[in-house]
Protein chains: 4
Amino acid sequence: MGNFQIRTDLALEARESITEADSELRGVRVEEYYLEKEDIQVTKVMIDTKNAAKAMGKAVGTYVTMEAPALVEPDEGYHREISGCLAKELLDLIPDGDRELSVLVVGLGNREVTADSLGPQVVDNLFITRHVVKEYGKAAYNCSRMNLVSSMEPGVMAKTGMETAEIVKGVVSETTPDLLIVIDALAARSTRRLNRTIQITNTGIQPGSGVGNHRNALTEEELGIPVIAIGVPTVVDAATIVGDALKKWLDEEMDKKFDSRLAFAELNNMYMTGKDIDAVIKRVSFTLSEGINMAMEKNNVVCDG
Amino acid sequence: MGNFQIRTDLALEARESITEADSELRGVRVEEYYLEKEDIQVTKVMIDTKNAAKAMGKAVGTYVTMEAPALVEPDEGYHREISGCLAKELLDLIPDGDRELSVLVVGLGNREVTADSLGPQVVDNLFITRHVVKEYGKAAYNCSRMNLVSSMEPGVMAKTGMETAEIVKGVVSETTPDLLIVIDALAARSTRRLNRTIQITNTGIQPGSGVGNHRNALTEEELGIPVIAIGVPTVVDAATIVGDALKKWLDEEMDKKFDSRLAFAELNNMYMTGKDIDAVIKRVSFTLSEGINMAMEKNNVVCDG
Amino acid sequence: MGNFQIRTDLALEARESITEADSELRGVRVEEYYLEKEDIQVTKVMIDTKNAAKAMGKAVGTYVTMEAPALVEPDEGYHREISGCLAKELLDLIPDGDRELSVLVVGLGNREVTADSLGPQVVDNLFITRHVVKEYGKAAYNCSRMNLVSSMEPGVMAKTGMETAEIVKGVVSETTPDLLIVIDALAARSTRRLNRTIQITNTGIQPGSGVGNHRNALTEEELGIPVIAIGVPTVVDAATIVGDALKKWLDEEMDKKFDSRLAFAELNNMYMTGKDIDAVIKRVSFTLSEGINMAMEKNNVVCDG
Amino acid sequence: MGNFQIRTDLALEARESITEADSELRGVRVEEYYLEKEDIQVTKVMIDTKNAAKAMGKAVGTYVTMEAPALVEPDEGYHREISGCLAKELLDLIPDGDRELSVLVVGLGNREVTADSLGPQVVDNLFITRHVVKEYGKAAYNCSRMNLVSSMEPGVMAKTGMETAEIVKGVVSETTPDLLIVIDALAARSTRRLNRTIQITNTGIQPGSGVGNHRNALTEEELGIPVIAIGVPTVVDAATIVGDALKKWLDEEMDKKFDSRLAFAELNNMYMTGKDIDAVIKRVSFTLSEGINMAMEKNNVVCDG
């Protein structure tokens, strides 16, 4: 089949798009397990070499994907079990995750565009402690060891006139956190994955990724501290999905090669999204916030007596 | 070419989709003119008979379409010239538009979903007079004749548990306006028309129309007063656009019949929208509000002395 | 002490302002109890006669006040114990509360003014069932008996041009609920009660009450169905508090009579509110929503087998 | 009279509170003029010495106050004449204002608290150019000389865990603007000045000022670049106004000394604000944005031919 450019932010989908002949791609390891009670399928794609990174169109690093169909369903407890799984996977990716950390959580995206508002909505619900500990000490929370959590919503370039990377870099160098966690809405290739998949990666944010198509990298290389990115696909790139649909139809009906990008110029910069996106984003962001809150709390050592 | 179901709220597009053989469709009249200074193409589609209505998939009535490419561009004056043109066309469609009227403007749609927030945003900027005139008389505005303007945002069924039509019907029967103006975000068939086309019609809102797919009618028949609907297409139905793209490609490459709805089940209930939708909707809604404000003011007779 | 006009929406405070000589006021009964585990002080003021109503400046009916200091504190479970107590008191006030009911919940107030946004925020979190039961029957929830819950946010007169009472009356007569529950932000007399007191009353909403000073009544007399009002004081009337402060100071320092309303004309229409009002309202509204949700669910009979 | 602590962010009011004997305070100069057509009273208070600064409780620098009663009235053109006056006064305070500048505008305050949302709302409406000029050059705007405008909304410490000053300092050092403009909602002493007074000062933001009571300074000394602060009083400190009201009453009725802060402990951290604050802030912020936009544009040199 043709080799048109895939537009997906999910390493899982990039992996799938590589044809069977390549499937034992060197430098890529895949681990999978299924949490039956929680109905979560966890897949870890580890890209170990630059060659593999090039073939996948993804940076070297670890990509954990949690597929949790329940995420799109309403739940009184905001899917606490998914938050718990997220907390565990997040802690696994944090280098030296078991010491006291100062963590800055950045919510990327545009609060005014529903499908791109995941990041801002997640930081709305975080448990922020840095200012209290700085002012009153850990004793304020009755802890002898405690993570310092801060957060920011840098906004979009059209409104700020600044690259997100400039803003984050400035704040990181002034407030010197040990770790950056970046939240972003992603583009998937398949509508099947919308709003029910969480990707956690230690590669940070690469240029061109996210619903907002970030221009600059937010990576350890750029910022000098580890960067973990957490994302949920909330949109499907329109040209990609048309190309996929067409390819599937052609595969069935005839034997034709075809480049979707050329065919559908009018679809550039168009995104597809579902109709109940507002309620879904609101719920999913709550589940993510809780996952981060849980991860941050696990480190805290409560004083006794 | 196959006869799959068109998903468009624009009579203009429904008209275009009828093939040439039918183009002299009985019971449909079309008038066009171009406003050079304002760069607005105005098309009036008048559906006069039930047969024509059935062929078009649109109710009997008049549909005025203003195509104004400038709408998507930022403008310090919020495109006052387009507001002026809208005011004129709106007044033309109001029966007995030159007497004092009590007008209820209803903003349909979901404020939380950017592409569906046109109606709520338009009513935010209206000049509301009913309560002041009821309390202090027209003298409060130094007018001897003056329209009474009220507005409401009924919200969406998932949040209210009530049909929009139930809510509007109740408020109409309690506050007895002479005219209902309904604002709604529409679905277009072509991305070319997104956010730059205004449709004004005296048919009201039909079931299944709008981004939110209204279930019940808001029409003169249902409500007992004339209903004018003003809409701007802000989304394209995903399955339709895939079908159109595919048809175009097939027409060029081969000779194949094809039903897009069957092919792309996964696209049902998916909408496509542009990336700068938040800023565009904000601007367009302001232009619409001003158009309605202008139309309402034209009727007012200022007292002298 | 002088007899200036009290501005409080709390029957509890109206009761307190009556001096000791009058304390055995005929036609007013008071019951109190304290929930130790939940730290909630419950006071029921029952105004039985028109004379007592006049003396109190409150309509005949029952006023339940829950004083819950914990309400202003953050809590992961959103004070579920307070929601439970609210559910119980609410059910006690519903006539024939143990049969299947269709309930319309109305969130009064202005979403754009933080201190007045309680009503709109409460209806945001309700569990709405009416449209689902109407469409699919109670079987959709696996229940043989189930309350139908709908909700609306009528908005403020400056934006709608209509009285809240007109809008609600229209919707009630069109959708025919059995019961109306109205949520509103209240004005208290004492800053001590701000955001930590919930008043539930079967008198509905009287003219001149609430932060928005409603002009018309929302009562059983007006609407033909029972109306229960739930409110939380979020502001203190500025002139009242100045008067109270001054009176207290004068009582201590000297022996002087004094009318605060005359003294402080510049304070009319000014409200006092705390600095963290946004976070507090967000939390309190969640607790209230849960209380209403619990009350509504208690009635439902789940099918077995 | 007593010497209790004044809580006002307006130099004009600090000046007024100094009694007549001190009125020829050394080191303080006052200039006044009245714009008849626009109905704007302009007062410039120049504090030249540290002693004067101490007496006034305000930093050394220039404070321009525009009193424009029209600001609280609705106006279709959003008070363009006031914007024009603001643009002029702003340019007068910018050092070397007639060369090309890179300007960062910071909107302080809490978007969720109506009275504190002025700063965020002002930056919403600015004309942002920095990213376009960086990417495409000044030619994109057909200019040979052009200011670069960027903006940010740092949020509040309870949500970010960081001091506003830390965030701004980081972004300033990363994006190196020539000038900082800071917008903030202020506390006034008199309700008469609410929402109709604009203060422009070259002293930046001092600790303890603004509705949000900023803890750290945003000044040239701290940031290394000139800082101009623009503010509008949107609240009155409750304890101060009670004290003032009481003092006035006492002055008339008797001869008593009195410290308002001691008297009214329950009023600490309470603010008073008007009931139509949402609509007023929306309008005032638009007028301010336009003033800044005009000031920024005056510098631009449009290319010819």
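Below, chain A is the first sequence line, B the second, and so on; all start at residue 1. Just so it is clear, the structure is predicted and the values come from calculations on it, not from any experiment.
- Put simply, OG1 on C:T160 and NE2 on B:H131 are 7.5 Å apart, with the number rounded to the nearest 0.5 Å.
- The most heavy-atom pairs under 4.5 Å with chain B, out of C:V123, C:L126, C:D124, C:V168, come from C:D124.
- In this structure B:E174 satisfies the side chain to side chain contact (heavy atoms under 4.5 Å, CB included) test together with C:E166, C:K169, sequence neighbours excluded.
- The candidate from B:I167, B:I128, B:V172 with the greatest count of non-hydrogen atom pairs under 4.5 Å with chain C is B:I128.
- Proximity to chain B (any heavy atom under 4.5 Å) is shown, for C:E112, by neither the backbone nor the side chain.
- Nearest approach of B:M152 to C:M162, heavy atoms of both residues: CB-CE, 4.0 Å.
- A donor-acceptor pair under 3.5 Å links the side-chain atoms of C:S151 to the main chain of B:K159, judged by distance alone.
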